[in-house]
Amino acid sequence: MTNVFAFSKFQTLGNDYIVIDPSKTAFDPNPKLVQALCDRHRGIGSDGLILGPFPVPGDPEAFGLRVFNPDGSESKKSGNGLRVFARYLLEAGHVKGSRCRIHVAGGFAEVSYLTEDGSRIQVDMGRPDFRAGEIPYTGIPAQQEVLEALLFFPTGPITITALSMGNPHCVIFPGQVTAAEAQRLGPRIERHPDFPNRVNVQLVEVVDRKRIRVEIWELGAGYTLASGSSSCAAAAACKRLGLVEDHLQVLMPGGAIDIAFTSEGRILMTGPVQAVYEGRLRTEWMP
Ligand SMILES: N[C@H](CCC[C@H](N)C(=O)O)C(=O)O
């Protein structure tokens with residue numbers, strides 16, 4: 001039988017991830033292979049791929065992970081990905097107790113298991129950073145914050161609020177918050193030259209001061225039903241613009257994520273995780 005390798009599949013609010021554990025499966029995350037695995041017709045199919053745990057230099061208690069988008073690019077952070085990975089760590093016996101610390105390119109995240117089985121998890125996603133240079137966004141000077149700035153297109157400008165959650169986000173408040181509008185505007189904003197590293201895009205409707213509704217276009221993944229870092233970014237923009245309170249729900253097509261701002265301005269993101277299946281992948285089809 002040709003080589004096979006093990007993987008796990010999880011999903012949270014319809015945002016799904018493959019998890020590959022390097023201690024079980026030797027895996028080179030080259031873009032072509034990541035694209036093939038995330039392909040919903042030729043491979044496993046997912047909104048992203050998580051590789052981990054890795055040891056974190058200088059922090060023996062922490063677990064390292066890498067997150068890849070279906071286009072093969074590496075993500076600096078993923079809110080749903082962090083919750084999925086935290087669940088995997090618990091199930092694989094890497095974690096004992098109700099907390100763990102995870103390191104991803106965009107920084108550390110403290111994780112709390114709210115249920116014994118890891119089906120509901122809270123992640124401290126840190127503080128949003130609106131400074132243009134941290135996103136990066138080049139439309140205004142690096143130290144300035146991107147609050148209701150203008151992003152120019154041949155058809156006219158769009159008003160944006162942009163920030164980093166460890167990964168880049170651009171929040172807009174368009175007349176229509178629909179999947180169609182997310183798929184129309186998302187790619188244009190994702191690849192706008194003022195976002196040299198590309199950007200995740202959120203279309204936001206403020207329902208009231210405790211609920212916002214969001215449609216999402218993800219950098220390197222396209223339209224998704226939910227996104228953890230996007231829910232944090234949309235909430236952070238609304239909070240910064242004085243539109244919502246410190247505790248709110250972010251309503252997405254796949255479901256809702258709870259957001260709480262701490263007194264230090266950090267964002268606590270809480271949501272579900274579901275295990276879907278364990279798989280053994282043949283390798284004969286791989287690029
Ligand atoms: N679904 C992920 C977002 C991945 C972000 C990725 N598209 C990037 O920033 O490159 C989340 O739950 O946060």
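Note: hydrogens, waters and symmetry copies are ignored here, and every other heavy atom, side chains too, is used. Each ligand, and each atom within it, is numbered from 1 in the order the structure gives.
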- Item | Charged tip of R99 within 45° of Y113 ring normal and under 6.0 Å |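 Not satisfied by the 6.0 Å and 45° rule.
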
Could you tell me whether a side-chain N or O of [X] sits under 3.5 Å from a main-chain N or O of [Y], the two making a donor and an acceptor?
X    : Y    : value
R87  : D117 : yes
K9   : G45  : yes
D129 : S164 : no

- Have T161 and E148 got a donor and an acceptor in their side chains that come within less than 3.5 Å?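 Not at all, the side chains of T161 and E148 share no donor-acceptor pair under 3.5 Å.
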
Under 3.5 Å, N/O to N/O: give me all the pairs between ligand 1 and the protein, one per line with atom names and distance.
| residue | atom | partner | partner atom | Å |
| --- | --- | --- | --- | --- |
| ligand 1 | 1 (N) | N15 | OD1 | 3.0 |
| ligand 1 | 1 (N) | Y17 | OH | 2.9 |
| ligand 1 | 1 (N) | E218 | OE1 | 3.3 |
| ligand 1 | 1 (N) | E218 | OE2 | 2.8 |
| ligand 1 | 7 (N) | N69 | OD1 | 3.1 |
| ligand 1 | 7 (N) | N200 | OD1 | 3.0 |
| ligand 1 | 7 (N) | E218 | OE1 | 3.1 |
| ligand 1 | 7 (N) | L219 | O | 2.8 |
| ligand 1 | 9 (O) | N167 | ND2 | 3.0 |
| ligand 1 | 9 (O) | N200 | ND2 | 2.7 |
| ligand 1 | 10 (O) | N69 | ND2 | 3.0 |
| ligand 1 | 10 (O) | S75 | OG | 3.4 |
| ligand 1 | 12 (O) | N80 | N | 2.8 |
| ligand 1 | 12 (O) | G228 | N | 2.6 |
| ligand 1 | 13 (O) | G79 | N | 2.7 |
| ligand 1 | 13 (O) | S227 | OG | 3.4 |
| ligand 1 | 13 (O) | S229 | N | 2.8 |
| ligand 1 | 13 (O) | S229 | OG | 2.5 |

- If you measure from OG1 on T138 to NE2 on H192, what distance do you get to the nearest 0.5 Å?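 Output value for this atom pair is 8.5 Å.
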
